[in-house]
There are 2 protein chains.
Amino acid sequence: MPKVTPILLDEQLCFSIYSASKKFNHFYQSALAPFGLTYPQYIAMLVLWEDAPLTVHQLGERLELDSGTLTPLLKRLEKQGWVERVRSRTDERQVLIHLTEMATAKRDEVYTRIGQCQTLLGMSDDEIDDTMRELVTIKSQLDVVSNQRKIAKEVDKEL
Amino acid sequence: MPKVTPILLDEQLCFSIYSASKKFNHFYQSALAPFGLTYPQYIAMLVLWEDAPLTVHQLGERLELDSGTLTPLLKRLEKQGWVERVRSRTDERQVLIHLTEMATAKRDEVYTRIGQCQTLLGMSDDEIDDTMRELVTIKSQLDVVSNQRKIAKEVDKEL
DNA sequence: TTCCAGAGTATTGTATACAATTAAATTGCC
DNA sequence: GGCAATTTAATTGTATACAATACTCTGGAA
């Protein structure tokens, strides 16, 4: 009879990452409290501060989020005065996300605040780099597997 | 004039973790498709397979989730036949989460399936251990900071 | 015994996520 | 030029998360 290996929560990498992700979320939420931004709203703003204006699709590629998540998120950002959603004139399918003047004006304030809060964490650059390198590997392995499945599905369709 | 350091999404550890967490979620969701379990439902089952029955509170401590998340999740698990929610007789405040016979019967099947899917990822034990060790450090640093804030809040209340 | 502070769970309200579908605009291809 | 396939957002439906609140129960103090 084949022995089955038990799966213990505390030994699961997925749970470490899941738990760390929630803690980071919480950390940024409270760091960003003065600006009223949630973590997903904040990373959307980061991308826009790098590169605005962007279409919903382009923003989604950077954030790995689809329009089902972004459309309501961006509407909330618009209501709070951070962005404007403008239907593109050259391609009416697209909606361009522009920064407002307030967003441009507050950018450095947010950068500074986040910089200070990150300092509180006391993480060394090496620690951060090492971890990010390992996460890159893990993520690419996850991508490979899910692409294999996608390809398998495509192959199934052909038949 | 003080220089402000720009914050680039791709250099943020938080985003690496956030993104990896979503990919893991997706990976397990598809690995668990035959059982109809979501990732949070799966980790709840993992804890219960280790230790059932547990109160909602005890389960929440292991999973780092509160009743606002667990109550509806457990109701869905109950509806799908994995658990039974039983009001404790010795302490009517508590709800004990018991495994059903089906859950006990399917445990090894889930363990096996997950084991196979994890093998597909091709991650070495060293790679996993290293990453988990680093995540433990990061999480404890995040905890320290958020506890400092909690304590700061408490101190404010005293005044 | 009665009252009350605290514990345990459920509920409410807001904000993500994401699969699946819809609707509108554009592109390719004839 | 006309139309099918594709692209882009928005919408719908389900499932987390979590703060804040409500409600019930328990144990202890007066």
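All values below come from the heavy atoms of this structure, side chains included, with hydrogens, waters and symmetry mates left out. Order of the sequence lines fixes the chain letters, A, B, ..., with proteins taken first and strands second; residue numbering starts at 1 for each chain.
- Each of A:Leu96 and A:Met45 belongs to its own hydrophobic cluster when Ile, Leu, Val, Met, Phe, Trp and Tyr are linked at side-chain heavy-atom distances under 4.5 angstrom.
- The nucleotide range of DNA chain C contacted by chain A, defined by atoms under 4.0 angstrom from heavy atoms of the protein and reported 5' to 3', is C:dA15 to C:dT26.
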Exercise for review: Go through the steps to decide whether A:Phe24 and B:Phe15 satisfy the test ring-ring contact (aromatic ring centres under 6.0 Å, His included), and finish with yes or no.
Suggested key: CA-CA 9 Å; A:Phe24 260 121; B:Phe15 185 68; over 10 Å; no
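- A side-chain donor from one of B:Gln12 and A:Gln118 sits under 3.5 Å from a side-chain acceptor of the other.
- For the atom pair CD1 of B:Ile43 and SG of A:Cys14, the computed distance is 7.5 Å after rounding to the nearest 0.5 Å.
- Between A:Arg87 atom CZ and D:dT8 atom C1' there is a gap of 8 Å when expressed in whole angstrom units.
- Both B:Leu32 and A:Val4 sit in one connected hydrophobic cluster of ILVMFWY residues. Membership requires side-chain heavy atoms under 4.5 Å apart, directly or through other members.
- Where B:Lys22 and B:Pro72 each meet DNA chain C at their nearest nucleotide, the meeting point lying more 5' is that of B:Pro72.
- A heavy-atom distance below 4.5 Å is not found between the side chains of A:Arg76 and A:Thr38.
- For B:Asp91, the salt bridge (Lys or Arg N to Asp or Glu O under 4.0 Å) partners two or more places apart in sequence, or in a different chain, are B:Arg93.
- At a threshold of 4.0 angstrom between heavy atoms, the contacts of A:Leu70 with the nucleic acid are absent.
- Taken residue by residue, residues 60-68 of chain A places heavy atoms nearer than 4.0 Å to DNA chain C at A:Glu64, A:Leu65, A:Asp66, A:Gly68.
- Taking the six-membered ring where the residue is Trp, A:Tyr39 and A:Tyr28 present tilted rings, their angle falling between 30° and 60°.
- Only at 4.0 angstrom or more do the heavy atoms of residues 32-52 of chain A sit from any atom of DNA chain D, so none qualifies.
- Side-chain contact between B:Leu9 and A:Arg62 is present, with at least one heavy-atom pair separated by less than 4.5 Å.
- Partners of A:Glu64 under the salt bridge (Lys or Arg N to Asp or Glu O under 4.0 Å) rule, at least two apart in sequence or in another chain, are B:Lys23.
- Contact annotation: the side chain of B:Leu135 approaches that of B:Ile17 to within less than 4.5 Å [non-hydrogen atoms, C-beta and beyond].
- A residue-by-residue look at A:Lys23 and A:Thr71 shows that A:Thr71 has its nearest nucleotide of DNA chain D further toward the 5' end.
- Proximity of B:Gln141 to A:Glu127: side-chain heavy atoms (C-beta onward) are separated by under 4.5 Å at one or more points.
- Here the CH2 atom belonging to B:Trp49 is positioned 8.0 Å from the CG atom belonging to B:Leu99, to the nearest 0.5 angstrom.
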Restricting to nitrogen or oxygen on both sides, can you table the protein-nucleotides 21-29 of chain D pairs closer than 3.5 Å?
{"unit_1": "D:dT26", "atom_1": "OP1", "unit_2": "B:Glu92", "atom_2": "N", "d": "3.1"}

